[in-house]
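Below you'll find the structure, written out as structure tokens, and then a few comments.
Computed from a predicted model, the values in this text were never measured in an experiment.
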Amino acid sequence: MKGFLNKVQTKVTGGKNGGEGKPVAAADGKAGAASNNGIEVTPKADILLPKKHDRRRASLSRHNKMVAIKELSLLSETPMLKREALFRQKLELCCTMFDFDDPESDVRGKEMKRETLLELAEYVNSPSGQKIFTESLMPDIVKMVSTNLLRTLPPQTEDYDPEEDEPAMEVMWPHLQVVYEFFLRFIVSNEVNGKVAKRFVDQNFIKRWIELFDAEDPRERDYVKTVLHRMYGKFMSYRSSIRKIISQVFFRFIYETGRHNGIAELLEILGSIINGFAIPLKKEHIQFLERALIPLHKPRGVAVYHPQLSYCVSQYVEKDPETIVPIVQGLVRYWPWTNAAKQVLFLNELEEVLELCRGEQLTQIQDSLYRLLAACLSSSHFQVAERALYFWNSEHLCVNVLSQAKAPILLPYVFGPLSKSAAGHWNQAVEQLAQSILKMYMEMDQALYDKCSREYAEKQKKLDQEREAAATKWKSILDQAVAAGIDVHNL
């Protein structure tokens, strides 16, 4: 058992390929009783479970009847012919639920269940042990996993902010972690035939599993992500349903609740899924991009999951450059004008998308794109203006989007903001970048530069005249009001 605990002490981590992480260890739970091969042996006795109490921060317990637990022998000490029956008994034992709100209640029973879970997880950790994953045991395995994991999650408090507040840790984690370990071994085992297992791991199970992404504890979400990714690979007939359920989670988050803890983890899985899409992309995959992924830029908490969202979007662009058009149009539509930090994030994503943009796509979006770029250059927040100016430092963009061929269309949009910043900006970096870009265009095409300069000067002159006319009109109105005996100072 000590070897098993040492082996699984690493935390689950999700890579950009959809969360194929490594399993994590069970929480350390040692008690001062005698041990046998590293597993604590509780003195033989019946242990009565308490009545169910209401839970606040932990998951809701579902059993309020009194259950007697009796110690069972170890699997390693049981003859091979009797191990399957003993394995089933231990699975049934692990279906017993405890109240973790009171850490002092039923300590012996909690530890006995945890040691039993550890024994089961260790037993199936080897290829020979996984031969016990027979069809006859699958209903009991799924029942034990469902009882422990597929539970009602506690509601979040109204004032919870995932960007600032620390998440609440699941108090049942000493048990849940080992159940996740056990089920992960079941899913990845070569002894488990996907066509047979899906009779028990049905679509309702998958739907309830995806609901666990809303768990507040990040350790649990890591496990849920890893196991779902493995199930996506094992149950090919469920792939469309999994994508559909995930899109429904996104719709509920975007248009209804605005609250969900696991959007980032779901997007990590999708990054790997999108990477495996066949070319040309199917219509349903394009619809998923337009209806689910692009609108995810809208919610207030987009900064929490933006890196994963940006990766998914870039995967679509690499698969099919034609998706650049709806992506850029979506970014323009959901642009966070009142939040400078989010604008910087969006500019980073926009640059990655535009690096793969070609002439045919650029023609469809150039006006809205250049108008957006000019607005960012005019931003009163120096970080937004500076990030937009850095677009001209990208070799990929200067070859296509900001190329000399596009200068006659682009320069009229950005000449005004560039001239204003170059003439004097409180931030030295912004001023110098604007000056260098204007100098580049001057050397590139002097005639175009002079034309834009004249148009900008005429525009500014016209604006000055309009402001002067408005000021004169307001003065006339005030004079008439004073002549009529109105106290304009109290208006």
Side-chain angles (χ1 to χ4, degrees), residues 1-2 4-5 8 23-53 55 58-78 83 85-125 129 132 137 139-152 169-186 212 217 219-220 223:
M1 184 62 67
K2 291 181 179 178
F4 169 75
L5 290 175
V8 297
V24 288
D28 190 18
K30 300 179 181 178
S35 63
N36 187 356
N37 293 328
I39 301 178
E40 183 181 0
V41 178
T42 306
K44 293 185 178 181
D46 289 350
I47 302 168
L48 298 181
L49 299 185
K51 294 181 179 179
K52 185 178 85 171
H53 299 283
R55 299 179 60 80
S59 306
L60 302 179
S61 296
R62 291 146 296 188
H63 297 273
N64 58 3
K65 63 182 180 179
M66 307 298 284
V67 182
I69 302 180
K70 294 184 179 180
E71 182 186 358
L72 300 173
S73 59
L74 298 176
L75 288 165
S76 58
E77 299 176 356
T78 304
R83 284 188 185 179
L86 179 60
F87 199 90
R88 180 177 283 106
Q89 285 182 285
K90 288 179 179 286
L91 289 172
E92 180 65 27
L93 183 151
C94 292
C95 289
T96 305
M97 303 300 294
F98 291 88
D99 181 4
F100 277 77
D101 276 338
D102 183 5
E104 302 299 327
S105 67
D106 295 285
V107 176
R108 184 183 298 175
K110 293 174 184 175
E111 186 62 20
M112 175 179 283
K113 176 179 175 179
R114 181 173 176 275
E115 293 295 346
T116 303
L117 287 169
L118 283 169
E119 182 191 4
L120 293 175
E122 182 189 26
Y123 184 79
V124 300
N125 196 36
I132 204 167
L137 272 180
D140 301 277
I141 292 172
V142 174
K143 177 186 175 183
M144 187 275 287
V145 172
S146 300
T147 302
N148 282 273
L149 301 181
L150 305 185
R151 64 207 188 279
T152 303
M169 298 293 104
E170 175 60 71
V171 295
M172 293 174 61
W173 189 241
H175 287 181
L176 298 184
Q177 185 179 28
V178 191
V179 178
Y180 277 114
E181 279 288 344
F182 174 82
F183 190 55
L184 178 60
R185 282 157 173 72
F186 173 78
L212 294 176
D217 193 329
R219 301 170 300 179
E220 180 166 11
Y223 264 117

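Atoms CD and CZ, from Q89 and R83 in turn, are 14.5 Å apart once rounded to the nearest 0.5 Å. We find the CD-OG1 distance between E92 and T116 to be 12.5 Å, quoted to the nearest 0.5 Å. Distance check: E115 CD to C94 SG gives 11.0 Å after rounding to the nearest 0.5 Å. Rounded to the nearest 0.5 angstrom, L176 CG and E181 CD are separated by 12.5 Å. In this structure, the separation between CD on E170 and CZ on F100 is 9.0 Å, given to the nearest 0.5 Å. Note that NZ of K90 and CD of E119 are 4.0 Å apart. Values are rounded to the nearest 0.5 Å.
M97 has its side chain within reach of M172: a pair of non-hydrogen atoms, C-beta onward, lies under 4.5 Å apart. Considering only heavy atoms from C-beta on, F182 comes within 4.5 Å of L91 through its side chain. Looking at V145 and V142, their side chains never come closer than 4.5 Å, going by heavy atoms from C-beta outward.
A tilted orientation is assigned to the rings of W173 and Y223, their planes being inclined by 30° to 60°.
Tested against V124, the residues L75, I132, I141 include a single side chain to side chain contact (heavy atoms under 4.5 Å, CB included) partner, I132.
Across every non-hydrogen atom of T147 and C95, the tightest pair is CG2-O, 3.4 Å.
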- Query: How far apart are the C-alpha atoms of L86 and E77, what are their side-chain angles, what is the distance that settles it, and do they pass the side chain to side chain contact (heavy atoms under 4.5 Å, CB included) test?
  - Reply: CA-CA 11 Å; L86 179 60; E77 299 176 356; over 6 Å; no
